[in-house]
Amino acid sequence: MQSASYLVAIKLPEIIDQKFASLIPQQRAVINKMLDSGIVISYSLSLESSMLWIVMQVDDEVSVMNQLAKMPLVSYFKPTIHALNFHHHSAMLLPQPSLN
């Protein structure tokens with residue numbers, strides 16, 4: 001099966017409690033691993049911290065849910081998943097340098 005792109009729009013809680021705040025470093029570590037592996041293509045937080053947008057490159061919607069389940073803040077998430085026809089960003093347009 002070929003992977004596809006998905007946009008996950010996540011509504012975050014209006015009030016951030018101590019437990020949520022304590023999980024942020026772990027959340028960042030998981031996201032960084034997913035960025036490094038190419039599962040997460042982009043990760044954006046709104047200025048007022050009420051919305052989070054994640055673009056993932058995975059096989060299907062079930063895989064999106066499986067990846068979200070690995071995130072420490074998942075119990076605070078109210079996600080909406082959108083299958084994308086395409087997702088372009090500037091990093092995709094730049095040639096990769098050769099290490100030879």
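Basis for what follows: all heavy atoms, side chains included, without hydrogens, waters or symmetry-related copies.
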Find out if a path of hydrophobic residues (ILVMFWY) with successive side-chain heavy-atom gaps under 4.5 Å connects I24 to I10. yes
Can I16 be reached from F77 by stepping across I, L, V, M, F, W or Y side chains whose heavy atoms are under 4.5 Å apart? yes
Taking all atoms of both residues into account, what is the closest heavy-atom pair of P25 and S22, and its distance? CD-O, 3.6 Å
Could you tell me which non-hydrogen atom of P79 sits nearest to which non-hydrogen atom of V8, and how far apart they are? CB-CG1, 3.9 Å
Min side-chain heavy-atom separation V58-S3 under 4.5 Å: no
Extract all donor-acceptor atom pairs below 3.5 Å that involve side chains of residues 27-41 and protein atoms in other chains or at least two apart in sequence.
residue, atom, partner, partner atom, Å
Q27, OE1, L73, N, 3.2
Q27, NE2, Y43, OH, 3.3
N32, ND2, R28, O, 3.3
S37, OG, K33, O, 3.3
S37, OG, M34, O, 3.1

Sorted by first residue and then second, give each side-chain hydrogen bond (donor to acceptor under 3.5 Å, both in side chains) pair with at least one member in residues 45-54; sequence neighbours left out. S46-E48, E48-S50
Enumerate the residue pairs fulfilling side-chain hydrogen bond (donor to acceptor under 3.5 Å, both in side chains) with a member in residues 71-85, sequence neighbours excluded, ordered by first and then second residue. D17-Y76
According to side chain to side chain contact (heavy atoms under 4.5 Å, CB included), who are the partners of L84, at least two apart in sequence or on a separate chain? S5, L7, V55, H87
Taking side chain to side chain contact (heavy atoms under 4.5 Å, CB included) as the test, write out the residues that go with Q18, two or more places apart. none
Approximate separation, where rounding is to 0.5 Å, of I54 CD1 and S42 OG: 9.0 Å
With a 3.5 Å cut-off and sequence neighbours excluded, list the donor-acceptor pairs that the side chains of residues 62-71 form with protein atoms.
residue, atom, partner, partner atom, Å
S63, OG, D60, OD1, 2.9
N66, ND2, V62, O, 3.4

